[in-house]
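Below: the structure, in structure tokens.
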Amino acid sequence: MSTFNDEDAFEAAAAPQGGSLSQRAMGAALGARAAPYLDGLNPAQREAVETLDGPVLMLAGAGTGKTKALTARIAHLLTTGRARPNEVLAVTFTNKAAREMKNRVGTLLGEAVEGVPWLGTFHSICVKQLRRHAELVGLKSNFTILDTDDQIRLLKQLIVAEGVDDKRWPARMLAGLIDSWKNRAWTPDALPASEAGDYNNLGGKLYAQYQDRLRTLNACDFGDLLLHMVTIFQTHPDVLEQYQRWFRYIMVDEYQDTNVAQYMWLRLLAASHKNICCVGDDDQSIYGWRGAEVGNILRFEKDFEGAKIVKLEQNYRSTEHILGAASGVIAGNTGRLGKTLFTEAKGGEKVRLIGHWDGEEEARWMGDEIEAMQTGTRRMDPIGLDQIAILVRASHQMRSFEDRFLSIGLPYRVIGGPRFYERLEIRDAMAYFRLITSPADDLAFERIVNTPKRGLGDKAVQKIQTMARSNGVSLRDGARLLLEAKGLGGKGAVELAKLLDGLDRWSASARNDSVSHIEVAEMALEESGYTEMWQNDKTPEAPGRLDNLKELVKALEQFENLQGFLEHIALVMDNDSEDATEKVSIMTLHAAKGLEFPAVFLPGWEDGLFPSQRSMDESGVKGLEEERRLAYVGITRAEKLCTISFAGNRRVYGQWQNALPSRFVDELPERHVDVLTPPGIYGHQAGSANDMLDALGGSDLHEAAAKANVYNSPGWRRLQERQSSRGAPKARNMTIDAQAVSAFTVGERVFHQKFGYGEVMAVDGDKLDVSFDKSGDKKVIGKFLVAADSAGDVPF
DNA sequence: GTTGCGGCTGTATAT
DNA sequence: CAGCCGCAAC
């Protein structure tokens, strides 16, 4: 991957080279003459940049220029000659952030300093380290990194071997558990008894088996990258000291997201010199579910005595209303470190809030709105599509937007969606590549023995497995032995021999310098019959898959060899297709962290969806607070215009469900919010809140409220008050109109708020088939219909 | 050994 | 509603 340009940078760092002296001199001269990277920094940023020695905690609110400060700090370290590039370690969480930082450091430094700092994600840096020291944890340096899919398949094998019912105890669940243990830096022997008892009392046992299996496969999973390095540092002080000498200055981005393992890794590395600068924002901690410990940031001062705390509070990104709305929401959380963001940018548009009848309506409205924004609106000058983002809580929400945008021809880009490298054909192709570079990769072997179909089904594979196991060799060798022993006959034997022969040839070519890795890849895909398989495939997606394969081969060009490519794939999870056309971005709130857009849409603000019910059920108030931080992250992505919306009805599992506006909606300070009332649907003003609650059915409310004590937010209380007080409350002027459920009969004339008049064709419980005069046949829920003759009573 | 159908289940968030 | 898994027929 691109994080490291210099293969031998570790060695280079260990043995200073001739150039370094002149570099230092040049750096010093530069530093004395001018420090352009200091220009435009505010006092707080400047302090963070210039405090080079000792521990520093930079508490940087959203949009306060933390990347600017961080990159300036690196530039400062280098140009003043305080450190050589390879003595600086900067860690981020995402590849995107690493790339961004690398670019900005490059721009700041220009050609002034040779070499690059150690800049990359926790994982990429750990792989690099682990390759050097693999043998210390029983691996070889060419270990493979398993993806989630391999992981699950492996675990499943172990689970079945234990005679456990993998229906009741799914492999996914165990994978999640093991992951969470690794996040907390618990090796199998260090696993607390309380945890080992999880998973039907087999958790600890299976965990140990899994680790053993990984070792025999010469493989590790994501969590291992960190866990192994922490283990090595703890058990081999000499190795640790080496790194402590190399990395003299450490910087960490998004510190609030570090988990225990990452924290330990950092602490070990920084233990001797304490030159560590962590940047973070407790209000943006949104990864608790994957082991992040906000506690890491909260107790920084205790861990690193004499730490300097710098708060960045001036926001340069958003208007005062956007900032005000975000602050209002986040104020609902307790135990914050507390920052007060301010901006000098006064005025601007308020945060817009709009309710919709249903999810489709929401998508339709947003599509129209986005089209209008391109040519300019009353509120905003014209902006390009790439200036607009839609941020959703869960990726399944994206679908309605994709559908709508496809039908109106609005270009969009899904960020972090189903990834290129997770596609079936790509994973198959990669399994071939993996087998070429590491013959003992049994998981890859299992994946492709019978892809394309070679007449090698379960039975044949089992024979191979038995043979491999009894001889203690890989599946690939086991297959060879099986053939030699004539343990397989017919077509399968011929095909298997062909495959093994092919693999040997491709492996040989890969080792041969005169054959490029691209040729090897093409050879493998061709000769194995894999491409042919898709060419013969008549399904509509086959051509697309072939295209993807071509793209895959093309991607190889950027790498030295297959090995390097596979590494890249294993670690790089973002797929930024550099497609020049302007597109609206659709992504999850999580994926949006660290990004900013002039215009942001935040759809789906409904209780249960956002905040997510599951989060609240599983983690109670803590979960709710993390959801609230997510809301905060979402709002603060916006520079000029932020639009929040919710829908009264949404299909869930194909069924229509009604929902209440998110409690976060009620936490938005009114003075920063504009409530939009689209024409046609929410036309009337009177008694709206009561209507809405009646429509939703009072019993639903009580039921939900009784279910958990998490329903104690101000927003929830207000809703309840509104319900009990019969007078027209000072409600926002939005409503979802419907009559309480009543029975309808086939043939009856009815009226629907959205579809107009129609006739009931069939009744199935509360679901009805209605033939509408204007909108055709629809399935609707009874509570959204009124008898046609009473329609006049309802103020539409 | 392969393919196709039907029933069941289940939703987050990601390196 | 959709994807996955298991089962039954080819």
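Throughout, a chain's letter reflects where its sequence line sits, starting with A, and its residues are numbered from 1.
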Classify A:Arg399 by what it touches in the nucleic acid, base, sugar-phosphate, or nothing, heavy-atom distance under 4.0 Å.
sugar-phosphate
For A:Ile145 and B:dA14, what is the distance between atoms CD1 and P respectively, to the nearest whole Å?
20 Å
Residue among A:Glu362, A:Gln657, A:Gln655, A:His356 satisfying side-chain hydrogen bond (donor to acceptor under 3.5 Å, both in side chains) with A:Arg650
A:Glu362
Which nucleotide sits closest to the side chain of A:Val652: B:dA12, B:dT11, B:dT15?
B:dT11
From NZ of A:Lys156 over to P of C:dC4, roughly how many Å is that when rounded to an integer?
11 Å
Find the distance A:Ile286:CD1 to B:dA14:P and express it as a whole number of Å.
9 Å
Between A:Gly457 and A:Leu630, which residue's closest nucleotide on DNA chain B lies nearer the 5′ terminus?
A:Gly457
A:Arg153 CZ to C:dC5 C1', straight-line distance once rounded to whole Å:
16 Å
Rounded to the nearest angstrom, tell me the gap between atom CD in A:Glu567 and atom C1' in B:dT15.
14 Å
Once you apply a heavy-atom cut-off of 4.0 Å, does A:Tyr287 come out as touching a base, just sugar-phosphate, or nothing?
sugar-phosphate
Most 5' of A:Asp179 and A:Lys453 on DNA chain B, judged by nearest nucleotide
A:Lys453
Any base atoms under 4.0 Å from A:Tyr653, or only sugar-phosphate, or nothing? Heavy atoms, all strands.
base
Short side-chain N/O contact to B:dA14 OP1/OP2 from A:Thr588, under 4.0 Å
yes
What is the minimum heavy-atom distance between A:Leu630 and A:His590, and which atoms define it?
CD2-CE1, 3.5 Å
Cationic tip of A:Arg131 above A:Phe143 ring, under 6.0 Å, 45° of axis:
yes
Report the C-alpha distance between A:Met366 and A:Ile390 in whole Å, list the side-chain angles of each, state the deciding distance to 0.1 Å, and finish with yes or no for side-chain contact (heavy atoms from CB on, under 4.5 Å).
CA-CA 9 Å; A:Met366 275 170 47; A:Ile390 297 169; 3.5 Å; yes
Determine whether more than 12 heavy atoms belonging to other residues, nucleotides or ligands lie under 6.0 Å from atom CG of A:Asp458.
no
Please state how far atom CZ in A:Phe610 lies from atom P in B:dT13, giving the value in whole angstrom units.
14 Å
Between B:dT13 and C:dC4, how far apart are the P atoms? Round to whole Å, please.
15 Å
Could you tell me whether the side-chain ring of A:Trp289 sits stacked on the base of B:dT13, using a centroid cut-off under 5.5 Å and a plane angle under 30°?
yes
Which of the following nucleotides, C:dA2, B:dA14, B:dT2, is nearest to the side chain of A:Asn450?
B:dT2
Rounded interatomic separation in angstrom, taking CD from A:Glu618 and P from B:dT11
11 Å
B:dT2, B:dA14, B:dT11: which one has an atom nearest the side-chain heavy atoms of A:Arg614?
B:dT11
Could you state the atom-to-atom distance from CD of A:Gln657 to P of B:dT11 in whole Å?
16 Å
What contact category does A:Glu627 fall into here, base, sugar-phosphate, or nothing, at under 4.0 angstrom with non-hydrogen atoms?
base
